[in-house]
Amino acid sequence: MKSSDEQKLAEAGAGLEDIVACNSEICCIDGTNGRLVYRGYDVLELAEKSTFEEVAYLLWYGCLPRVTEFKAFLDGFTGSMKLPVETTMILRMFPKAATPMEVIRTAVSSLGHWDPDSGNTGLDACLRKAQRLTLRIPLLVAAHQRLREGLEPIKPVPGHGIAFNFLYTLQGKEPDPLVERAFDVALILHADHELNASTFAARVTAATMADIYSSVTSAIGTLKGPLHGGANMEVMQLIDEIGSPQRAERIILEKLAGKLKIPGFGHRVYRCEDPRVSVLRDYARTVTAHTGRSIYFQITQEIERVVIEQTRVFPNVDLYTASLYTAMGLPRELFTPIFAISRIVGWTSHILEQWANNRLIRPRAEYVGPADRLYLPIEDRSR
Ligand SMILES: CC(=O)SCCNC(=O)CCNC(=O)[C@H](O)C(C)(C)COP(=O)(O)OP(=O)(O)OC[C@H]1O[C@@H](n2cnc3c(N)ncnc32)[C@H](O)[C@@H]1OP(=O)(O)O
Ligand SMILES: O=C([O-])CC(=O)C(=O)O
């Protein structure tokens with residue numbers, strides 16, 4: 001049995017808050033000052049000047065590419081930007097009620113069967129698998145959505161990047177350049193975030209020396225929950241429920257009075273505004289105006305005003321993606337899959353880092369159940 005001091009210690013560890021579980025060279029969060037850094041580069045600078053492909057290279061290889069390196073990297077990308085025919089067949093078999101996030105969890109797992117490097121655990125092969133996953137997840141999400149809408153999947157356009165091709169293979173037309181850039185920036189901002197729940201799940205699975213597809217499947221399942229990646233869909237549900245900026249205050253006050261958490265707010269690490277929010281807020285303002293959907297932005301701003309005034313809890317990365325993605329014509333059920341389209345780069349970078357210096361991740365639990373009970377035969381049990 002535990003002493004009261006031990007009990008307090010165990011409670012303090014609930015949710016592993018502030019526990020450092022590994023060393024990592026990939027991503028640094030300063031939760032007090034609201035700063036996020038990928039391999040030494042401030043994410044705000046990357047969002048302004050870089051592309052998702054370049055950031056992916058940075059996260060996987062640890063440095064920004066030189067011209068020839070980047071060209072070779074992108075050339076390698078082009079060959080893998082297609083789905084195995086079997087994947088499209090599998091996508092056709094899911095029941096209508098299967099949600100896109102459930103479908104990508106299952107379909108990404110199945111992609112491993114048709115990976116030419118399946119079973120090859122060398123570093124180069126694992127990097128190729130990481131890159132194939134990064135190219136195929138967006139195509140898979142777009143193809144499944146088209147099938148749900150009664151449309152046939154379409155092929156990506158070679159020579160264009162992931163943002164362009166996700167939007168193109170989903171919507172069947174070349175994206176507006178502002179929308180494409182806003183989407184690319186959203187991908188940059190979601191690419192990694194230190195030891196968030198889904199990345200931790202990926203590392204735990206990888207640390208058992210399971211394969212990359214198993215590790216990524218664990219991560220996708222973990223991202224799905226509304227306390228993590230699923231929150232962006234819930235933000236949009238809330239915006240729809242509110243319907244107009246004038247109704248925001250009353251509805252938010254009611255929810256807070258009922259002790260409900262407001263999706264898109266709060267964070268385990270940031271004690272201030274998540275630095276990604278300012279960029280996403282600006283793009284949400286611009287893109288909603290550009291596509292005639294400013295109402296979604298105005299409602300979000302009202303939600304933000306009331307929640308901060310009432311709670312001093314600040315917005316997280318999910319708050320403004322809801323109005324931004326809706327303004328791009330993207331359906332709400334795709335918001336969390338879009339998170340995965342970006343975070344696959346972070347997950348796979350962490351999996352590779354885990355393997356570079358692996359030790360099984362196996363913490364302890366403090367036992368707080370009953371002690372020394374007497375086993376009685378079933379007929380003698382009173383309850
Ligand atoms: C990509 C991402 O994963 S970002 C997070 C996405 N998730 C969401 O947006 C869901 C809403 N947010 C939450 O549920 C939480 O803030 C989490 C899960 C993100 C973090 O949870 P924790 O670190 O365990 O924080 P915890 O729930 O203990 O909250 C701390 C305090 O802030 C309050 N708080 C935290 N988030 C919110 C919120 N969204 N709305 C209202 N109050 C909140 C809590 O009520 C609590 O207040 P108290 O100390 O007076 O009881
Ligand atoms: O870090 C976290 O806990 C959640 C988050 O913001 C992310 O994964 O981007």
Side-chain angles (χ1 to χ4, degrees), residues 11-22 24 26-31 34-38 43 46-47 55 59 101 185-203 218-239 248 251-280 300 303-322 324-325 335-347 349-350:
E11 280 164 9
L16 301 181
E17 180 163 356
D18 288 336
I19 303 289
V20 174
C22 65
S24 178
I26 301 172
C27 177
C28 173
I29 304 173
D30 175 348
R35 193 154 181 260
L36 173 60
V37 173
Y38 294 165
V43 79
L46 294 171
V55 166
L59 290 171
M101 201 55 193
V185 170
L187 294 182
I188 292 171
L189 295 174
H190 286 79
D192 196 41
H193 212 244
E194 199 224 51
L195 220 53
N196 61 84
S198 54
T199 301
F200 187 54
R203 284 189 84 129
S218 293
I220 294 175
T222 309
L223 184 71
K224 181 171 179 282
L227 297 189
H228 188 19
N232 55 12
M233 286 163 55
E234 300 226 325
V235 172
M236 198 57 224
Q237 210 165 334
L238 177 65
I239 293 174
I251 293 177
I252 295 297
L253 289 179
E254 277 169 15
K255 288 187 189 292
L256 291 175
K259 299 268 174 249
L260 293 178
K261 299 263 175 70
I262 310 299
F265 292 85
H267 200 276
R268 178 58 66 78
V269 182
Y270 293 117
R271 291 291 157 256
C272 51
E273 184 175 284
D274 179 330
R276 299 167 291 183
V277 171
S278 61
V279 183
L280 291 166
T300 312
I303 298 173
E304 182 180 16
R305 180 186 67 74
V306 180
V307 173
I308 295 177
E309 264 175 31
Q310 296 293 318
T311 65
R312 303 303 299 160
V313 174
F314 294 95
N316 61 46
V317 70
D318 293 315
L319 183 67
Y320 278 98
T321 49
L324 174 63
Y325 295 159
F335 292 2
T336 315
I338 289 169
F339 202 136
I341 287 174
S342 167
R343 187 56 60 84
I344 181 64
V345 172
W347 291 331
S349 301
H350 279 268

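Source: prediction; values computed, not measured. Just so you know, ligand 1 is whichever comes first in the structure, and atom 1 is the first atom listed for that ligand.
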Under a 4.0 Å heavy-atom cut-off, which residues neighbour ligand 2?
-> His193, Asn196, His228, His267, Arg276, Phe339, Arg343
Looking at atom 14 (O) of ligand 1, would you say a protein heavy atom lies below 4.0 Å from it?
-> yes
Kindly identify the option in Ile262, Val269, Val317 whose heavy atom sits closest to atom 41 (C) of ligand 1.
-> Ile262
To the nearest 0.5 Å, what is the distance between CD1 (Ile303) and OG1 (Thr300)?
-> 5.5 Å
Test item: Arg268 side-chain N/O and Gly15 main-chain N/O as donor-acceptor pair under 3.5 Å = yes
Of all the heavy atoms in Gly264, does at least one lie under 4.0 Å from an atom in ligand 1?
-> yes
Using protein heavy atoms only, decide if any is under 4.0 Å from atom 3 (O) of ligand 1.
-> yes
Is there a heavy atom in Pro226 that sits closer than 4.0 Å to ligand 1?
-> yes
Looking at NE2 of His350 and CG of Leu195, how far apart are the two atoms once the value is rounded to the nearest 0.5 Å?
-> 7.0 Å
Under the 4.0 Å line, does any protein heavy atom show up next to atom 21 (O) of ligand 1?
-> no
Going from CG on Leu187 to CD1 on Ile344, what distance comes out if it is rounded to the nearest 0.5 angstrom?
-> 12.5 Å
Going by the side chain to side chain donor-acceptor pair (under 3.5 Å) test, name the single residue among Thr321, Asn316, Thr336 that passes it with Asn232.
-> Thr336
For atom 38 (C) of ligand 1, state whether the nearest protein heavy atom is under 4.0 Å away.
-> yes
Between Tyr325 and Phe335, what is the ring plane arrangement, given parallel below 30°, perpendicular above 60°, and tilted in between?
-> perpendicular
Which heavy-atom pair separates Val307 from Val313 by the least distance, and what is that distance?
-> CG1-O, 3.9 Å
When you measure from the side chain of Arg276 to the backbone N and O of His190, does any donor-acceptor pair fall under 3.5 Å?
-> no
Using the test ring pair (Phe, Tyr, Trp, His ring centres under 6.0 Å), find all partners of Tyr270 that sit at least two apart in sequence or belong to another chain.
-> His193, His267
Any idea which part of Leu227 is under 4.0 Å from ligand 1, heavy-atom wise: side chain, backbone, both or neither?
-> both
To the nearest 0.5 Å, tell me how far Thr199 OG1 sits from Leu223 CG.
-> 8.5 Å
Could you state the interatomic distance from CG (Asp192) to OG (Ser24), rounded to the nearest 0.5 Å?
-> 7.0 Å
With sequence neighbours left out, what residues match Glu304 under side chain to side chain donor-acceptor pair (under 3.5 Å)?
-> Arg281, Tyr320
Would you please name every residue forming a side-chain contact (heavy atoms from CB on, under 4.5 Å) with Ala191, sequence neighbours left out?
-> Tyr38, Phe52, Val55, Leu59, Ser342
Which of the listed options, Glu234, Lys261, Arg268, Gln310, holds the heavy atom that is closest to atom 26 (P) of ligand 1?
-> Lys261
Closest approach of any protein heavy atom to atom 12 (N) of ligand 1, naming residue and atom = Phe265 O, 2.9 Å
Within-cut-off N or O pair, Asp318 and ligand 1, under 3.5 Å = no
Given the protein's heavy atoms, is any one of them under 4.0 Å from atom 43 (C) of ligand 1?
-> yes
Just distances here: any N/O of Leu260 and N/O of ligand 1 closer than 3.5 Å?
-> no
Test item: protein heavy atom less than 4.0 Å from atom 49 (O) of ligand 1 = no
Just which atoms of ligand 1 are under 4.0 Å from any heavy atom in His267?
-> 16 (O)
So which protein heavy atom does atom 19 (C) of ligand 1 come closest to, and at what separation?
-> Gly266 O, 3.7 Å
Minimum heavy-atom separation for Ala201 to Thr222, with atom names?
-> CB-OG1, 3.3 Å
Check each atom of ligand 1 against the heavy atoms of Phe339 and keep those under 4.0 Å away; list them by number with element.
-> 1 (C)
Is there a nitrogen or oxygen of Ala231 sitting under 3.5 Å from a nitrogen or oxygen of ligand 1?
-> no
Answer yes if a protein heavy atom lies under 4.0 Å from atom 31 (C) of ligand 1, otherwise answer no.
-> no
Going from SG on Cys28 to CZ on Arg35, what distance comes out if it is rounded to the nearest 0.5 angstrom?
-> 7.5 Å
Given Leu280, which of Leu319, Asp318, Val317, Val185 fulfils the side chain to side chain contact (heavy atoms under 4.5 Å, CB included) condition?
-> Val317
Provide, to 0.1 Å, the distance between atom 33 (C) of ligand 1 and the closest protein heavy atom, together with that atom's residue and name.
-> Val313 CG2, 3.9 Å
